[in-house]
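Please read the structure below before turning to the comments.
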Amino acid sequence: MTLLRSLEEQKRQLLMDRSAAGRVGTTFVPLDVPKTKLPDENLLRDQLEMPEVSESEIVRYFSQLSQFNFSIDHNFYPLGSCTMKYNPKLNDEMAGLAGFSEIHPLQPDETVQGALRIIWHLQEMLTEIMGMAGANVSPKAGAESELAGMLMARAYHLSRGDTGRKKVLIPDSAHGTNPASAVVAGFHVVSLPTNDNGDTDIEALKVAVGPDLAGFMLTQPSTLGIFDTNLLEVVQIVREAGGVVYGDGANLNALLGKVKLGELGFDVVHSNLHKTFTQPHGGGGPGAGAVMVSERLLPFLPTPTVKKETAEDGTEKFSLFTPPESVGRLSPFHGNFGALVRAYAYIRTLGNQGVSQISEDAVINANYLLTQLRGTFDLPHDRHCKHEVVLSAKSLKDAHGTDAKDICKRLIDYGIHPPTMYFPLPNVVEESLLIEPTETESKETLDQFIMVMKAIAKEAEENPDLLHDAPHDTPNTRLDEAQAARKPVLRWKG
Ligand SMILES: *Cc1c(COP(=O)(O)O)cnc(C)c1O
């Protein structure tokens with residue numbers, strides 16, 4: 001054993017290497033039930049290698065692991081299209097209330113009226129916010145609500161005996177889940193080009209619509225961070241061709257309280273409650289996707305949806321129900337209930353005024369970054385953005401060989417989480433950096449980020465290797481991404 005180990009070294013020590021034979025971290029209570037025989041000896045393994053550690057050792061192990069992670073509670077996290085906004089702790093407190101966290105999804109409706117009331121109100125609030133006719137909050141992710149939406153589009157066409165509608169149009173700037181959801185719902189996807197201005201290419205759209213058109217999936221603002229100036233024309237063309245207009249509102253930060261997609265002719269809109277309506281997320285969860293629909297899709301909503309009945313004496317009764325032509329159940333039970341409580345608490349805390357203030361602040365923050373970084377990075381679409389801005393590192397790459405990835409890796413050394421990179425895809429924007437500051441960041445934080453981005457651009461010019469080898473100050477330095485993808489080492493080997 002070496003005498004001095006830095007905390008950084010200790011942190012990297014695997015749990016198995018901390019193990020000592022016979023050490024235990026738990027205490028069993030005395031046996032108070034009859035002893036029974038162990039199963040058949042053939043089923044027992046005595047060579048099972050498990051770490052044997054004390055309680056303090058395991059607590060340290062997990063606490064140290066947690067410090068390898070980065071979260072919005074650590075620092076600025078401008079991951080475009082992911083809306084890593086600050087999550088008020090009050091919402092966690094609400095979700096943790098015993099009346100919400102200690103109930104069981106199989107309890108009879110009469111015993112969980114408070115929980116059902118929350119779901120019903122959330123459905124109503126989201127319906128109102130998007131100007132739609134109804135909502136369901138059972139999907140557990142954005143992608144799952146997209147699937148719900150596309151299944152509803154299919155059910156709608158089939159219910160009218162319109163069996164030839166198999167084609168779904170999706171712009172090439174869309175999030176990858178859009179085409180995936182459409183295909184899982186049984187459609188055939190055709191990708192639409194984005195014009196030079198960043199909007200939907202109207203001529204291409206006109207050519208693509210026809211009697212086989214089932215629908216169009218449009219993200220607003222698009223993943224280029226801009227509001228499609230052709231939007232009304234797009235909606236009109238799709239509706240006239242008999243298609244369903246789908247709105248991907250995973251990130252509604254720029255539209256809240258300002259634009260109701262329902263009033264513009266959208267039939268389905270989904271929103272990621274874990275992005276727009278706060279929820280600590282990342283690393284794959286926990287998510288919740290709400291799906292809002294127009295009048296003509298109302299009968300097809302997934303189950304369970306919550307309904308309210310008011311008795312003559314004014315008492316309200318909430319219950320789970322299945323809409324008449326429902327596309328069915330998407331996930332177990334009622335959805336990710338903790339996330340629903342957080343979203344509800346968030347909207348109620350902000351109120352009408354607060355909800356539209358989100359849009360104003362999110363848009364101002366993104367445009368501030370756009371104006372301050374213009375000249376240092378390329379702006380593929382130099383026009384007002386909404387809640388996020390796309391920069392390109394193409395000129396820096398051409399001049400110094402430092403690409404978007406190098407800039408992102410160097411940002412880590414400055415304690416800032418990298419933005420989304422290489423999305424939008426290279427065929428839409430080369431060397432893209434998709435930056436979403438969110439409305440919850442102060443001008444001081446944005447100024448710090450701007451300073452760092454400018455410093456990195458200068459470093460690229462003067463010492464490009466500093467970027468190529470970054471990050472320098474992290475537990476793991478630059479990974480070999482090709483090896484990591486081809487030969488992942490996912491478990492401990494003795
Ligand atoms: C995040 C996102 C999705 C997918 O949401 P998940 O919850 O990750 O399934 C879809 N569309 C857009 C625009 C997104 O940003």
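Start at 1 and go down the list; that is how both ligands and their atoms are numbered. Predicted model, so just to flag it, every value in this text is computed and none were measured.
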Looking only at heavy atoms, is any part of Ala141 under 4.0 Å from ligand 1, and if so is it the side chain, the backbone, or both, or is it neither?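 The part of Ala141 near ligand 1 is both the backbone and the side chain.
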
Ligand 1-proximal atoms of Asn251, by part, heavy-atom distance under 4.0 Å: side chain

Any Lys275 heavy atom less than 4.0 Å to ligand 1: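 Checking ligand 1 against Lys275, which is what was asked, there is a heavy-atom contact under 4.0 Å.
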
Does the residue Glu144 have a heavy-atom contact with ligand 1, meaning some pair of atoms that are separated by less than 4.0 Å?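 Flag not set, Glu144 not near ligand 1.
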
Return yes when atom CZ of Arg160 has more than 12 non-hydrogen atoms of other residues, nucleotides or ligands closer than 6.0 Å, and no otherwise. yes

Ligand 1 atoms in contact with [X] (distance to a heavy atom under 4.0 Å):
{"X": "Ala250", "result": "2 (C), 11 (N), 12 (C), 13 (C), 14 (C), 15 (O)"}
{"X": "Glu146", "result": "10 (C), 11 (N)"}
{"X": "His274", "result": "7 (O)"}
{"X": "Asp248", "result": "10 (C), 11 (N), 12 (C), 13 (C)"}

Who's closest to atom 7 (O) of ligand 1 heavy-atom-wise, of Pro286, Gly142, Ala143? Gly142

Would you call [X] and [Y] a salt bridge, taking side-chain N to carboxylate O under 4.0 Å as the test?
{"X": "Lys85", "Y": "Asp361", "result": "no"}
{"X": "Lys260", "Y": "Glu128", "result": "yes"}
{"X": "Lys394", "Y": "Glu431", "result": "no"}
{"X": "Asp406", "Y": "Lys409", "result": "no"}

Purely on distance, is any nitrogen or oxygen of [X] under 3.5 Å from one on ligand 1?
{"X": "Asn178", "answer": "no"}
{"X": "Asn272", "answer": "yes"}
{"X": "Ser81", "answer": "yes"}

Residue pair Phe266, Tyr246: steps toward the ring-ring contact (aromatic ring centres under 6.0 Å, His included) verdict: CA-CA 6 Å; Phe266 280 74; Tyr246 185 104; 8.7 Å; no

Show every donor-acceptor pair shorter than 3.5 Å between a side-chain atom in residues 200-218 and any protein atom, with sequence neighbours excluded, or say none if there are none.
{"from": "Thr200", "atom 1": "OG1", "to": "Asp228", "atom 2": "OD2", "distance (Å)": "2.5"}
{"from": "Asp201", "atom 1": "OD1", "to": "Glu203", "atom 2": "N", "distance (Å)": "3.2"}
{"from": "Asp201", "atom 1": "OD1", "to": "Ala204", "atom 2": "N", "distance (Å)": "3.2"}

For the residue pair Phe100 and Phe337, is the inter-centroid distance of their aromatic rings smaller than 6.0 Å?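 Between Phe100 and Phe337, the centre distance is under 6.0 Å.
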
